[in-house]
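Keep in mind the model is a prediction, meaning the values are calculated, not measured. Chain naming here is simple, since letters A, B, ... match the order of the sequence lines and numbering starts at 1 in each. Below, all heavy atoms of this structure are taken into account, side chains as well, without hydrogens, waters or symmetry copies.
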Amino acid sequence: MTDTTPRVRFAPSPTGLLHVGNARTALYNWLFARRVGGTFILRIEDTDLERSEARYETQLIKDLRWLGLDWDEGPGLAAGEPEMGSFGPYRQSKRLAIYAEHTERLLAEGNAYRCFCTTEELEVERARAVAEHGPQVYSGRCRALQSAEIEKNLAAGKPFSVRLKIGTEPLRFHDLVHGPVEFAAEAVSDPILVRSATSISAGVPVYNYVVTIDDALMQITHVIRGDDHISNTPRQVAIYQAFGWKVPEFAHLSTILGADRERLSKRHGATSISTFRKMGYLPEALVNYLALLGWGAEDGKTETFTLEELTRAFSLERVTPSPAIFDFDKLNWLNRHYLKECNTDRVLALSLPFFLNEVPQLHLTKEGLVAGSRHSEWFERLIQLLLPYVDHLDQLPVKAAPIFAFDPASARANEENAAILAVGSARTVLTELAARVRVHSGPVTPEVFKGWMKEIKAATGVKGEELFHPVRIALTGAHSGPVFDKLIPLIEDGATLGLGILGICDRIERFAGV
RNA sequence: GGCGCUAUCGUCUAGGGGUUAGGACGUGAGAUUCUCAAUCUUAAAACCCGGGUUCGAUUCCCGGUAGCGCUACCA
């Protein structure tokens, strides 16, 4: 290995949606590679044929791309594109022959041996270990098998697994986030490399084995992955040593936990990248949040980073070893931050899909508003007005509901509303308002509206909250919402669009009539 | 049971032998506004426990405790 350019990999198995924990691992790998001008490799661990599915691989690639990550070697950056890089294939299912070849070599060189122990026999050993409170390790019994006996077993067609011979020296490795780590050889014991079969080529190699071969052959210099692999690492170190390969640097990232300190899972809420996308989170918010989950800027203060800023600031040395609890509130804060920074066209394009089913009358296609549609300008104002009220875009339709669907009866039924309306002054105010609406013709401009409010204030002596609250309820069904100056023209203009939106006067009359 | 990893406000973290232990999210209060959201100001809020080393430990060492992981012919 003469090349000193760092090479890192992200090696997910396509057995489900990309989880935020794995996404963070991918991000840290990518940031490290981009920071130091190294190579980032995507490798698909699809050896679990029963659970691996092509659609998950396609989705995985989409999700990584959505986050803004790309890779220098691995599957194509889009579905159907050829593999990139000269260390392939990059799907483990295509590398089976390579593993078998290496197993032959290990056996020939005496660093591995065939184990004919049956599951039942091993179970007995394990049960004894538990009873004696000792470590549950393999005795190494089949190491001592004479070649005559091996031949006899083979001839009899007895299935065997292949085990690695572990020496007596402690197994050590260096971890960029944990420092030096050491395991006693006895605690590791001879691990299985290839599962039971009657021939080596028929045997299915085990995860720890193929990962190590792939990492070595792909010349990975820094293995950055979840810390649930720490205990697997000594076994992998032993494999590197058995082949005479250089042991890489490691960086084990802490687990992401839920609020209850258990591993983050679906019951904690959204966990997959595609779910966050569907909820209307911005990729830059998610990337920023994930970067902060286990890593902090050198100044200890900066919280917002673009991907480019991250590639300049990131370092593995500043990654925290302790587990982190996923905080939806902070993610929401970052998303609100980036939503504010987002340009209008993009927010609009991202928001529209959430209205597709809510407002079928809209002149919408999947791509957005029909060009030149008179809905377009109005919709932009609507989104802009509502944007400060949401954490993520899928909350928009709910916030917009009072504009599209006006329901006086349920507005009155609402407990808080009822309390406000029950005050005597509220009834007076609404009576005055209705009287003005009856004699009014033409659109209600903010100026007209302000004039009414001024008159009512003068006529009734009601002012402030007691004046505006009931009016707001009569107009929108809610006692809170955007400022009237913007809300009123939006409603009035909306009423002319043929979307079934009621105008100001209609609203007040209907409300009075209930 | 064995082995390993981890331990600073509720949460994410900065820091590090002597600091008013810093920042951010969230929370409380205030300002603004008809209201809510946003925004600004402000407040409360932390070094797991016990030993040792030291003039001094939250920081270094040891032990305990707790959480998590591995302990598979899962990945």
Query - Gap between atoms CD1 and P, on A:I230 and B:C3 respectively (whole Å) - result: 17 Å

Query raised in the report: How close or far is atom P of B:C68 from atom CD1 of A:I325, stated in whole angstroms?
Result: 11 Å

Report task. Can you tell me the distance, in whole Å, between the NE2 atom of A:H337 and the P atom of B:A38? Result -> 15 Å

Query raised in the report: P atom, B:U41 versus B:C25: distance in rounded Å?
Result: 11 Å

**Report entry** Whole-Å gap separating P (B:C73) and CD1 (A:I200)
**Finding:** 18 Å

Requested in this report: Look at all strands and tell whether A:L293 reaches a base, only sugar-phosphate, or nothing, counting heavy atoms closer than 4.0 Å.
Outcome: sugar-phosphate

Query raised in the report: Given atom OH of A:Y338 and atom P of B:A38, what is their separation to the nearest angstrom?
Result: 18 Å

Requested in this report: Look at the side chain of A:Y389 against the base of B:C36 and say whether a donor-acceptor pair falls under 3.5 Å; ignore hydrogens and angles.
Outcome: yes

Report task. Starting from C1' on B:A38, measure out to CG on A:L339 and report it in whole angstrom. Result -> 12 Å

Query raised in the report: Over how many whole Å does the gap from A:L331 atom CG to B:A24 atom C1' extend?
Result: 14 Å

Report summary line: Paired to B:C36 by Watson-Crick or G-U wobble criteria (both distances under 3.5 Å) is none

Requested in this report: Give a yes or no on whether a donor-acceptor pair under 3.5 Å exists between the nucleobase atoms of B:G69, that is its base, and the side chain of A:S231.
Outcome: yes

Report task. Using atom NZ of A:K486 as one end and atom P of B:U35 as the other, report the distance to the nearest whole Å. Result -> 17 Å

Requested in this report: Please work out if A:T47 contacts a base, only the sugar-phosphate, or nothing of the nucleic acid, heavy-atom cut-off 4.0 Å.
Outcome: sugar-phosphate

Query raised in the report: Charged N to carboxylate O under 4.0 angstrom, A:D214 versus A:R9?
Result: no

